[in-house]
2 protein chains.
Amino acid sequence: MSENHVCRSCPVRDRALCVSLADEELCGLRLIARKRQVTRNQIVCWAGEEALICANVVTGMFKVCASAADGRDQIVGLLHAGDFIGNPSPSTNRFTITALTDSTICVIPRQLLENFMSAHAKMERLLLDRTHASLEDARLRILLLANRSAEARIATFLLDLTSRSIDGDCTTIRRERQIFNLGLSRGQLAEILGLSSETVSRGLSRLKDNGLIALPGGRTIAILDKSALTVLAGAS
Amino acid sequence: MSENHVCRSCPVRDRALCVSLADEELCGLRLIARKRQVTRNQIVCWAGEEALICANVVTGMFKVCASAADGRDQIVGLLHAGDFIGNPSPSTNRFTITALTDSTICVIPRQLLENFMSAHAKMERLLLDRTHASLEDARLRILLLANRSAEARIATFLLDLTSRSIDGDCTTIRRERQIFNLGLSRGQLAEILGLSSETVSRGLSRLKDNGLIALPGGRTIAILDKSALTVLAGAS
DNA sequence: CGGTCGTTTGAAAATTCTCAATCGGAGTGG
DNA sequence: CCACTCCGATTGAGAATTTTCAAACGACCG
């Protein structure tokens, strides 16, 4: 019983895959799961290695990276609180997953999760839905990268972040005023958007000059004119 | 029993989700599934509409499209024989799925499939794995679109097609000689690769001039120097 | 035969990248 | 407390790539 207290107070109890489980079912999962702190830049999955663990992101933010042949990294996805890492079926990691901020994850050995899920169909269905949603996100990012200008990419990404940011998430400072710390360097932003860091910097500067956003300093961004950003995001 | 004959002779019996079912289990699915012919350019899923059906691609090739705000379509994914369309959970289609060639699909009402899958965990697990694989594909395409030159994109896509083409698939004519009809116009190639059709045309011409491929006419392409293409695909 | 559609090719325009210099804040050590 | 250094951010200018606009070409079809 006391085991469940850990889960009941978990910030993502009602957003991670665990939402599909009743409190009493959670006991079984709690026995095989373990919370783990990871520090910024720490890697939790290596591309090319066998996937031995799965995990839920409890706090923080991770990047999913593919290494290009020229050695450069490309961020192909982001993981936020509540998102799931890995696949219950045996597999080889195709991407490297790295913490962008100091974070907490709830780690579960893959094999054990595979067995657990077989006995909890609701959870498996939910994971399927989540994976499907991730696929849709990835496809929307394809749309973004394929044909849109640098400014449109930046505007779209900022809007995405505002809609995705979560109270209590370290990426958000004051949601109501649309001021948030994106926790990403210009270079990382460039990796996500498929641009050079200089182009990202120029784009942000222009948005600032036009009064759409403010850059109070550091990695903080304030959205001043959301509707104008939306227009920009839609324009080619 | 006779019902199963239809499935036993199905070209994707051993590649679509059905591989997870024994012949006797297939009966139940056969009762709710229906083969349907679709013609080139016919739409099977409309973005924005409620998803009422799922389907397996039996023969042919489909595109998954997002419409950009400027009206242009962007192909964010391709579906080949054996691939699955839709999601067993209730959802709204986020993309429009259109046949690129005359095709055959095996249609199953979503609600019925949802129930069926709940009773066939293996199938659900396989779908999860497939969806996960699609997600990885989409992320690899993000990698491709984000940082690579037009020629690298084209080379990569051609190599992808050669590895994905299947005997009996209409996209393949003579696999052993790496000659195939890609079934896509230059404009559609451009949609996939995030380029203009002129750039695609120029890129193919240059590959031809350099002796890496041949363009016998129509939409047929012959791979002449696969290793050189691989080098080009890897280079930035 | 004319018309249409897709492809190819050319040349100019636009965008983004690269290289380079400068700026600014955080942390360190005197 | 201040100078110093380092790293990331910004800004500038030229180079490279891609897009756009245009024209010509060929295949296919009525």
Side-chain angles (χ1 to χ4, degrees), chain A residues 40-41 63 68 70-75 100-101 144-158 181-210 213-222 232 235-236, chain B residues 40-41 63 68 70-75 100-101 144-158 181-210 213-222 232 235-236:
Chain A
R40 182 184 164 87
N41 291 327
K63 65 175 178 179
D70 60 358
R72 259 200 303 204
D73 269 3
Q74 169 66 41
I75 298 179
L100 286 170
T101 62
L144 181 67
L145 291 175
N147 271 317
R148 306 220 153 282
S149 71
E151 261 187 71
R153 295 185 198 190
I154 294 169
T156 304
F157 183 74
L158 291 180
N181 182 338
L182 41 72
L184 301 167
S185 70
R186 297 288 186 269
Q188 287 171 324
L189 214 53
E191 273 183 58
I192 296 171
L193 298 175
L195 301 168
S196 67
S197 61
E198 294 93 332
T199 302
V200 170
S201 186
R202 273 185 258 268
L204 287 172
S205 294
R206 187 182 301 185
L207 292 180
K208 184 188 68 176
D209 293 346
N210 294 344
I213 64 174
L215 301 171
R219 288 168 184 173
T220 301
I221 291 189
L232 206 52
S236 79
Chain B
R40 181 184 163 87
N41 291 326
K63 65 176 178 180
D70 59 358
R72 260 200 301 204
D73 269 1
Q74 170 66 39
I75 299 179
L100 286 170
T101 61
L144 182 67
L145 291 175
N147 271 317
R148 308 217 151 285
S149 70
E151 262 188 67
R153 296 185 198 189
I154 294 169
T156 304
F157 182 74
L158 292 180
N181 183 337
L182 42 72
L184 300 167
S185 71
R186 297 288 185 271
Q188 286 172 322
L189 254 180
E191 272 183 58
I192 296 171
L193 298 176
L195 300 167
S196 68
S197 61
E198 294 93 331
T199 302
V200 171
S201 186
R202 274 184 258 268
L204 287 172
S205 294
R206 188 183 298 185
L207 293 180
K208 185 187 69 177
D209 294 345
N210 294 344
I213 64 173
L215 302 170
R219 288 168 184 174
T220 301
I221 291 189
L232 205 54
S236 79

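Both backbone and side-chain heavy atoms feed into the values below; hydrogens, waters and symmetry mates do not. Letters A, B, ... mirror the listed sequences (proteins, then strands); counts begin at 1.
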Once you apply a heavy-atom cut-off of 4.0 Å, does [X] come out as touching a base, just sugar-phosphate, or nothing?
X      : result
A/L204 : nothing
A/G218 : nothing
B/R219 : sugar-phosphate
A/G203 : nothing

Polar pairs (N or O, both sides) under 3.5 Å between protein and nucleotides 20-23 of chain D?
{"unit_1": "D/dT20", "atom_1": "O4", "unit_2": "B/R202", "atom_2": "NH2", "d": "2.8"}
{"unit_1": "D/dC21", "atom_1": "N4", "unit_2": "B/E198", "atom_2": "OE2", "d": "3.2"}

Euclidean distance, atom [atom1] of residue [X] to atom [atom2] of [N] [Å, nearest integer]:
X      : N      : atom1 : atom2 : result
B/N147 : D/dT18 : CG    : P     : 12 Å
B/E151 : D/dT18 : CD    : C1'   : 13 Å
B/I221 : C/dT7  : CD1   : P     : 11 Å
A/L145 : C/dT16 : CG    : P     : 13 Å
B/L207 : C/dT9  : CG    : P     : 13 Å
A/R153 : C/dT15 : CZ    : P     : 13 Å
A/L189 : D/dG8  : CG    : P     : 15 Å
B/L215 : D/dG26 : CG    : C1'   : 15 Å

Kindly determine whether A/L207 and A/D209 satisfy side chain to side chain contact (heavy atoms under 4.5 Å, CB included), including the steps that lead there. CA-CA 6 Å; A/L207 292 180; A/D209 293 346; over 6 Å; no
